[in-house]
Each structure stands twice: as C-alpha cells, then as structure tokens.
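Since this is a predicted model, take the numbers as computed values, not measurements. For the single chain, residues carry numbers from 1 onward in sequence order.
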Amino acid sequence: MRMYQVDAFTDRLFTGNPAAVLVLDDWLPDELMLAITQENNLAETAFVKSRPDGTWDLRWFAPAHEVDFCGHATLATAHILFTTAKADTPLVFHTRVGELRVSREAPGARGHRHAAARDRRGFR
C-alpha cells in the first residue's frame with residue numbers, strides 16, 4: 001500500500017484542495033480506513049482498488065465517516081492512477097453514487113484540471 005497526498009485544482013504544491021489517495025491491493029477494514037483518514041487530518045482520503053476487468057472501486061472517507069462522493073478526491077485519485085499506475089483513459093470508478101468516468105485531456109484543453117502530487121516519502 002502506498003499513500004499519496006495530492007493538491008487538486010492546481011499545478012503547484014501547497015495550493016488547491018488536498019486529498020490523500022491510497023491505492024490498495026485488497027480492501028482494508030472500514031475501521032482502519034477511518035483511522036488512516038483521521039491520522040491524515042485532511043478533508044477526504046480516497047481508497048481505490050482495481051477490479052479484474054480494468055475498472056476501479058473507489059471509496060472516500062472524511063475524518064468522521066465514509067462519505068458518498070468527493071469531487072476533488074476523485075480528481076486526485078485519477079491523477080495518481082494516470083501518473084503512477086500509467087492507467088488508460090477513461091478511468092471507470094464504481095462508487096456509492098454509481099459509475100464515474102474520468103478522461104485525461106492534454107494540458108490547456110478545455111476542462112483540463114491540474115493536480116500536484118507528493119507521496120509520504122517526499123515531493124514529486
């Protein structure tokens with residue numbers, strides 16, 4: 001398991017909306033995911049796990065409880081999957097609110113959103 005902290009809606013560290021992203025091989029117990037989120041002390045922490053069909057399960061936690069949806073943590077998760085896992089576009093996420101699709105657009109394209117990432121070992 002690796003944890004990243006991503007600043008969504010920006011291309012500079014320490015600005016934008018921060019979210020933690022954990023890419024999992026298997027689901028952790030809900031109590032542990034909540035404890036990790038509380039330790040992070042960010043608005044949201046995203047937990048993502050791949051499915052055999054190439055899509056992804058995605059869950060979001062706030063420090064008090066699991067939440068139904070978080071936009072900036074979804075963008076942060078997509079950023080990590082595109083940059084570190086070299087995932088193909090579009091990403092398909094299965095969530096509590098249904099299926100979400102995220103496509104990667106070229107920088108400068110209409111609708112393009114930035115994210116700056118750092119992992120717990122240092123900055124990128």
Side-chain angles (χ1 to χ4, degrees):
M1 167 178 51
R2 190 144 186 209
M3 181 166 36
Y4 301 88
Q5 185 169 328
V6 179
D7 297 317
F9 306 119
T10 186
D11 57 359
R12 293 179 298 135
L13 291 173
F14 310 116
T15 62
N17 289 17
V21 177
L22 284 87
V23 181
L24 305 175
D25 293 323
D26 292 301
W27 287 115
L28 302 172
D30 288 1
E31 297 79 20
L32 180 55
M33 289 191 286
L34 185 58
I36 291 168
T37 301
Q38 291 167 342
E39 179 72 17
N40 289 336
N41 199 29
L42 297 170
E44 272 81 27
T45 297
F47 296 87
V48 64
K49 180 184 154 322
S50 66
R51 287 182 165 195
D53 65 1
T55 63
W56 300 86
D57 287 318
L58 177 60
R59 296 172 68 183
W60 308 274
F61 283 77
H65 54 81
E66 185 171 6
V67 297
D68 291 334
F69 178 76
C70 180
H72 78 279
T74 301
L75 177 62
T77 302
H79 174 76
I80 292 301
L81 295 177
F82 286 140
T83 59
T84 66
K86 306 301 182 207
D88 291 326
T89 188
L91 293 171
V92 178
F93 294 116
H94 301 277
T95 74
R96 288 173 113 179
V97 296
E99 186 178 282
L100 302 174
R101 292 178 178 267
V102 178
S103 296
R104 185 175 197 170
E105 294 185 7
R110 185 170 188 252
H112 176 76
R113 297 289 182 255
H114 295 283
R118 55 189 179 259
D119 68 26
R120 290 296 169 133
R121 295 180 305 159
F123 300 99
R124 301 178 352 142

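- T95 is linked by a side-chain contact (heavy atoms from CB on, under 4.5 Å) to L58, W60, F93, V97, L100, counting only residues two or more places apart in sequence or in another chain.
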For a side chain to side chain contact (heavy atoms under 4.5 Å, CB included) check, start with the C-alpha distance between L91 and F82, then their side-chain angles and the critical distance, and finish with the verdict. CA-CA 9 Å; L91 293 171; F82 286 140; 3.7 Å; yes
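- D57 places a side-chain heavy atom less than 4.5 Å from the side chain of R51.
- Between P90 and S103 the shortest heavy-atom distance is CB-OG, 3.5 Å.
- Residues passing the side-chain contact (heavy atoms from CB on, under 4.5 Å) test with P52: none are found, sequence neighbours excluded.
- In this structure, the side-chain hydrogen bond (donor to acceptor under 3.5 Å, both in side chains) partners of T45, at least two apart in sequence or on a different chain, are N40.
- Partners of D53 according to the side-chain hydrogen bond (donor to acceptor under 3.5 Å, both in side chains) rule, which considers only residues two or more places apart in sequence or in another chain, are T55.
- Of all non-hydrogen atoms in P18 and D7, the two that sit nearest each other are CB-OD1, 3.5 Å.
- Of the possible polar contacts, one joining the T15 side chain to the R12 backbone as a donor-acceptor pair under 3.5 Å is found.
- Annotation: the span from T77 atom OG1 to H72 atom NE2 amounts to 9.5 Å, rounded to 0.5 Å.
- By the rule that hydrophobic residues join a cluster once side-chain heavy atoms approach within less than 4.5 Å of another member, F69 and V21 end up as members of one cluster.
- The distance from atom NZ of K49 to atom CG of D26, rounded to the nearest 0.5 Å, is 6.0 Å.
- Residue pairs that meet the salt bridge (charged side-chain N to carboxylate O under 4.0 Å, His left out) test with at least one member in residues 71-80, sequence neighbours left out, do not exist here.
- We find the CE-CG distance between M33 and L28 to be 6.0 Å, quoted to the nearest 0.5 Å.
- Side-chain contact check for F47 versus T37: some heavy-atom pair is nearer than 4.5 Å.
- Distance check, rounded to the nearest 0.5 Å: OG of S50 to CG of L24 gives 9.5 Å.
- Residues A20 and L42 share a closest heavy-atom pair of N-CD1, 3.6 Å.
- With H79 as the fixed residue, the side-chain contact (heavy atoms from CB on, under 4.5 Å) test singles out one of T74, V102, V6: V6.
- Looking at every heavy atom in both residues, P63 comes nearest to A43 through CD-O, 3.5 Å.
- The salt bridge (Lys or Arg N to Asp or Glu O under 4.0 Å) test applied to E99 returns R101, not counting sequence neighbours.
- In terms of the side-chain hydrogen bond (donor to acceptor under 3.5 Å, both in side chains) criterion, residue partners of E66 (sequence neighbours excluded) are, by chain and number, R59.
- Evaluation of the side-chain contact (heavy atoms from CB on, under 4.5 Å) rule for A62 yields E44, V67 as partners, not counting sequence neighbours.
- In this structure, N41 has no side-chain hydrogen bond (donor to acceptor under 3.5 Å, both in side chains) partners at least two apart in sequence or on a different chain.
- Note that CD of Q5 is 10.5 Å distant from CD1 of I80, once rounded to the nearest 0.5 Å.
- Among residue pairs with one or both ends in residues 18-40, none qualify as ring pair (Phe, Tyr, Trp, His ring centres under 6.0 Å); sequence neighbours excluded.
- Taking the salt bridge (Lys or Arg N to Asp or Glu O under 4.0 Å) definition, one finds that D88 meets it with nothing, sequence neighbours left out.
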